[in-house]
Amino acid sequence: MKLAGHPLYRADLEAAADWPGLEALRGATVLVTGATGLIGACLTDALAWANRTRGLGVRVIALCRNGGRARERFDGADGVSVAQADLSGDCGELPAADFVVHAASNAHPMAFSTDPVGTMRANLLGTMRLLERMRAGGRRLLFVSTGEIYGENPAVTDGFREEDFGRIDPMNPRSCYPESKRAAETLCASYVQQYGLDCVVARLCYVYGPTVAPGNTRADAQFLKKALAGEDIVLKSDGAQLRSYCYVADAVRGLLAVLLSGARGEAYNVAARGGAHTIREYAETLARLAGVRVAFDLPPEAERRGYSAVTRAVQNPAKLEALGWSARVPLEEGLSHTLQILRPSQRQ
């Protein structure tokens, strides 16, 4: 389905591209890795929308492991071309770009459980390859990180700020994701200091929305799949874990804010103020909007191993808000948009 055919998604793209510094991309080349993922797809769509509606003239290179899927996904998107490469394997010569947004990563529990080595390889080796490519020429690299790098710290009660840190068990294979993301952030900081590169980091909270990949095994993605099918949402825990959530259009506007207005060598939380909800609250809101119920069940072992054990993953967005960004879409509205855009009866 072409999501941009839906008026609500077109409004999302307009909102996502609504950043005053966007003119800095006029005529530039932007390389987006992981361009068919939840974040990368919406960012690529938003830049294509800006080309279409504002004549921005940005050349977007959508870098993906599955070139055929990407070409189908972005067919007809203004200014978008597709490049195929696996950053964790033999990726060959990478395309030159003025700006790089590195959003490629395994980012769902089953991948963490079944391929922790591949998860770490993509985050570490892939990031280093892009940084080396930027040494040959380029203006700025944005590394898309995660709030999971904060780990668990009960002493932080008002949301993690960028200077806060918590506990992560390095001997738990589930730590493959936050530990490799954290190490990749250090790689970026090291290239800034040693080679003078211009890098910034965005630490995303739990982002949701209509661009979610079909194979995503994260809990909220599974809730959405059930809701769209008219089936009861299955909660595989008591749902007490507290998370910061952010609608994908707001998150993409946050990425553009960091890319275009963030300070060199700095990290920024991308999280909605007031967007902290328990997993159960998220599931119950979605169930109510979809007209289904919430049921409880135990997950299979392979799936359970991929779950985060962190009970409170709340991020403080004050640093990004100081740049002029703020989240606009509350949870209920974002979930309603997602359902309307993805329901077959709503497709255009």
Taking the ring centre of each residue, are Tyr206 and Tyr282 less than 6.0 Å apart?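 No; Tyr282 has its ring centre 6.0 Å or more from that of Tyr206.
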According to a 4.5 Å side-chain heavy-atom criterion applied to Ile, Leu, Val, Met, Phe, Trp and Tyr, with indirect links allowed, do [X] and [Y] form part of one hydrophobic cluster?
X      : Y      : result
Leu56  : Phe74  : yes
Val200 : Val252 : yes
Tyr150 : Val201 : no
Val292 : Leu289 : yes
Leu124 : Leu63  : no

Electrostatic pair [X]:[Y] at N-O distance under 4.0 angstrom:
X      : Y      : result
Glu281 : Arg243 : no
Asp250 : Arg328 : no
Arg167 : Glu152 : no
Arg182 : Glu179 : yes
Arg174 : Glu148 : yes
Asp98  : Arg59  : no

[X] side-chain N/O to [Y] backbone N/O, donor-acceptor pair under 3.5 Å:
X      : Y      : answer
Gln315 : Arg203 : yes
Glu332 : Thr285 : no
Arg135 : Tyr191 : no
Asp238 : Ala240 : yes
Asn269 : Phe160 : yes
Arg312 : Thr157 : yes
Asp164 : Arg161 : yes
Arg52  : Asp78  : no
Gln194 : Ala189 : no
Arg121 : Gly126 : no

What are the two closest non-hydrogen atoms of [X] and [Y], and how far apart are they?
X      : Y      : answer
Ser113 : Pro116 : O-CD, 3.9 Å
Ala263 : Tyr268 : N-OH, 2.8 Å
Ala96  : Thr29  : O-CG2, 3.8 Å
Ala15  : Arg253 : O-CD, 3.1 Å
Ala50  : Ala17  : CB-CB, 4.4 Å
Asn51  : Gly57  : OD1-N, 3.0 Å

Atom [atom1] in [X], atom [atom2] in [Y]: separation rounded to 0.5 Å?
X      : Y      : atom1 : atom2 : result
Phe99  : Leu25  : CZ    : CG    : 5.5 Å
Leu87  : Thr127 : CG    : OG1   : 8.0 Å
Thr53  : Leu13  : OG1   : CG    : 9.0 Å
Arg71  : Ser81  : CZ    : OG    : 10.5 Å
Leu131 : Met128 : CG    : CE    : 7.5 Å
Leu125 : Leu130 : CG    : CG    : 9.5 Å

With side chain to side chain contact (heavy atoms under 4.5 Å, CB included) as the test, pick out the partner of Tyr9 among Leu342, Thr338, Thr211.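 It is Thr211, the one option of Leu342, Thr338, Thr211 that forms the side chain to side chain contact (heavy atoms under 4.5 Å, CB included) with Tyr9.
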Within the 4.5 Å heavy-atom criterion, are [X] and [Y] side-chain neighbours or not?
X      : Y      : result
Arg273 : Asn316 : yes
Leu224 : Leu339 : yes
Val234 : Gln222 : no
Leu197 : Leu141 : no
Cys64  : Arg69  : no
Tyr177 : Asn123 : yes
Leu255 : Leu204 : yes
Asp12  : Ile341 : yes

[atom1]/[X]: more than 12 non-hydrogen atoms of other groups inside 6.0 Å:
X      : atom1 : result
Lys226 : NZ    : no
Glu72  : CD    : no
Gln193 : CD    : no
Arg293 : CZ    : no

Might you work through the side chain to side chain contact (heavy atoms under 4.5 Å, CB included) test for Leu331 and Tyr208, ending with a clear yes or no? CA-CA 9 Å; Leu331 181 68; Tyr208 67 96; 3.8 Å; yes
Show me the pairs that pass side-chain hydrogen bond (donor to acceptor under 3.5 Å, both in side chains) and involve residues 30-41, at least two apart or across chains.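 Of all non-adjacent pairs touching residues 30-41, those that pass side-chain hydrogen bond (donor to acceptor under 3.5 Å, both in side chains) are Thr33-His102.
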Under a 3.5 Å cutoff, is there a donor and acceptor pairing between the side chains of Ser261 and Trp19?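 Distance-only check passes for Ser261 and Trp19.
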Side-chain donor-acceptor contact under 3.5 Å, Asp169 with Ser175: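 Checked: Asp169/Ser175 side chains show no N/O donor-acceptor pair below 3.5 Å.
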Between Arg280 and Leu235, does a side chain to side chain contact (heavy atoms under 4.5 Å, CB included) hold up when you go through it step by step? CA-CA 8 Å; Arg280 181 166 184 164; Leu235 195 58; 4.1 Å; yes
One pair to check against side chain to side chain contact (heavy atoms under 4.5 Å, CB included): Arg264 and Arg140. What are the steps and the verdict? CA-CA 9 Å; Arg264 176 176 172 265; Arg140 169 167 276 195; 4.0 Å; yes
With under 30° as parallel and over 60° as perpendicular, where do the rings of His337 and Tyr247 fit, or are they tilted in between?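 Plane angle over 60°, so perpendicular.
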Classify the ring geometry between His277 and Tyr245 as parallel (under 30°), tilted (30 to 60°) or perpendicular (over 60°).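 Plane angle between 30° and 60°, so tilted.
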Given the rule in the side chain to side chain contact (heavy atoms under 4.5 Å, CB included) test, do Val100 and Arg133 qualify, once you have shown the distances and angles that lead to the verdict? CA-CA 10 Å; Val100 173; Arg133 186 65 187 86; over 6 Å; no
